[in-house]
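As structure tokens, the structure follows; a few thoughts come after it.
Below, chains carry the letters A, B, ... as their sequence lines are ordered, and counting in each starts from 1. For the numbers below, each heavy atom of this structure counts, side chains included, while hydrogens, waters and symmetry mates do not.
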2 protein chains.
Amino acid sequence: MCDASHGRCRIAPQSGTAFTLNKGDVLRIIDPMGEQVADLFAFHRDDHNCVLSSGRSIDYASKIYLSTGDVLYANDSRPMFTIGEDQVGRHDFLLTPCSQEMFEILYKVKGHHPSCFENLYTHLAPHGIKPSQITTTFNVFMNVRVREDGVVSVEPPTSRAGQWVELRAEMDLLCGLTACSAEGSNNGSFKPIEYEILRAKG
Amino acid sequence: MCDASHGRCRIAPQSGTAFTLNKGDVLRIIDPMGEQVADLFAFHRDDHNCVLSSGRSIDYASKIYLSTGDVLYANDSRPMFTIGEDQVGRHDFLLTPCSQEMFEILYKVKGHHPSCFENLYTHLAPHGIKPSQITTTFNVFMNVRVREDGVVSVEPPTSRAGQWVELRAEMDLLCGLTACSAEGSNNGSFKPIEYEILRAKG
């Protein structure tokens, strides 16, 4: 088990992980090869009714694209993360993580397909999380464009090899993080994601 | 208690209600005076882990503005509603219902303010629903504009007096519905909402 407090850990292509953060820790999410997406979901570590909320975050920011200085809020309107250094500047907060059903509905896939949803709930299950508790993820590096008429398209990520975004934990957190499994969100390739935890002092 | 199966029921300004639908029933939501918003949330009637999902619905529709023929999906990717006749054509599915915290954060309100979130969880509580189970609502008649650069603005609803939208239940449902409490979403006025349930035959 890689300890992200002591250097970078790598999430293999089409897989995921779960970990905890203390308030004040900084989570650095790195795209080591470029054009890859990482889906992030989070709960208050000691109160799993408190979860990441796309709808509150977009409402309070009055914008759909969040970057440095913006806050990701919980469903109870408490800040969960503040975005720090952001070398990419484009992430998505509209879409749920890719799932078996998504591959079947949108891409007519037959048989099992790895998905961020499965990779999140599998790794969060030992912490007592049910699949239904995972809602819209913060989709790091995912490049979702919304036209004026409302049409949504998933474009290749703008992240280049080695670029990262940092998120400061504003409460004690339980997090799930993936290296995305969807062909459509990472320009047709499957790549790893790396992450590192810069522990708060004290 | 008004029975919406036998004619229109009125939701008073800044209040809400809860009711059940059978698969096949049509829920007609009417804006009797124009420029008012109604927040709708729903659960599978017999499985409250199955809830309305903005993120899945937007993903499967590939657009943020849903209207006639579009489907509102649950978090487990099953269809919950199909939109039928839509005399307005503009609704929001990005934002969480207005809440006490929203009024404090965005509008610096001191003291209690009625909110759709409170009106939903209060009326859904007798059915065993906790506030944390209510995520992003389908905000009927709410006119949220997203610019190309991602900036979100809440504009006056385009609904005129007497116009409605119809939603067909695709499963047995428990629903919460409000007449919105937020000054910002209904052009500064508080008005009622009406609804009617057209029961499926058989």
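- For the set B:Tyr65, B:Tyr60, B:Phe93, the count of heavy-atom pairs under 4.5 angstrom toward chain A peaks at B:Tyr60.
- Applying side chain to side chain contact (heavy atoms under 4.5 Å, CB included) to A:Phe41 and the options A:Thr137, A:Thr96, A:Thr178 leaves one that passes, A:Thr137.
- If you measure heavy-atom distances from A:Asn49 to chain B, the contacts under 4.5 Å come from both the backbone and the side chain.
- Heavy atoms closer than 4.5 Å to chain A are found in the backbone of B:Asp76, but not in its side chain.
- Heavy-atom minimum distance, A:Arg199 versus A:Ser5: NE-OG, 2.8 Å.
- Between chain A and the options B:Arg147, B:Met102, B:Gln100, heavy-atom pairs under 4.5 Å are most frequent for B:Met102.
- Contact check on A:Asp149 versus B:Lys63 returns no salt bridge, with no Lys/Arg side-chain nitrogen under 4.0 Å from an Asp/Glu carboxylate oxygen.
- For chain B, the nearby parts of A:Ser62 are the backbone and the side chain; heavy atoms of each come within less than 4.5 Å.
- By a heavy-atom distance cut of under 4.5 Å, B:Ile105, B:Leu106, B:Phe117 are the residues of residues 104-123 of chain B near chain A, going up by number.
- Under the 30°/60° scheme for interplanar angles, the aromatic rings of B:Phe141 and B:His91 are found to be tilted.
- Taking chain A as the reference chain and counting heavy-atom pairs below 4.5 Å, the highest number among B:Leu94, B:Leu66, B:Val51, B:Thr135 is found for B:Leu94.
- Of all the heavy atoms in B:Lys191 and B:Gly34, the pair that sits closest is NZ-O, 2.7 Å.
- A salt bridge links B:Glu148 to A:Arg145: one of the charged nitrogens lies within less than 4.0 Å of a carboxylate oxygen.
- Counting heavy-atom pairs closer than 4.5 Å to chain B, the top residue among A:Glu101, A:Gln133, A:Arg56, A:Lys130 is A:Arg56.
- In this structure, the side chains of A:Ile134 and A:Leu124 come closer than 4.5 Å at one or more pairs of heavy atoms.
- Contacts between A:Thr136 and chain B at a heavy-atom distance below 4.5 Å involve the side chain alone, from C-beta outward.
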Practice problem: Using the disulfide (SG to SG under 2.5 Å) rule, take A:Cys180 and A:Cys98 through it: C-alpha gap first, then chi angles, then the decisive distance, then the call. | Solution: CA-CA 8 Å; A:Cys180 187; A:Cys98 63; 4.1 Å; no
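- Residues B:Phe81 and B:Arg168 form no side-chain contact, since every pair of their non-hydrogen atoms from C-beta on lies 4.5 Å or further apart.
- Contact annotation for B:Arg78: neither backbone nor side-chain heavy atoms come within less than 4.5 Å of a heavy atom of chain A.
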Practice problem: Determine, step by step, whether B:Asp31 and B:Ser159 satisfy the side-chain hydrogen bond (donor to acceptor under 3.5 Å, both in side chains) criterion, reporting the C-alpha distance in whole Å, the side-chain angles of both residues, the deciding distance to 0.1 Å, and the verdict. | Solution: CA-CA 7 Å; B:Asp31 183 353; B:Ser159 48; 2.6 Å; yes
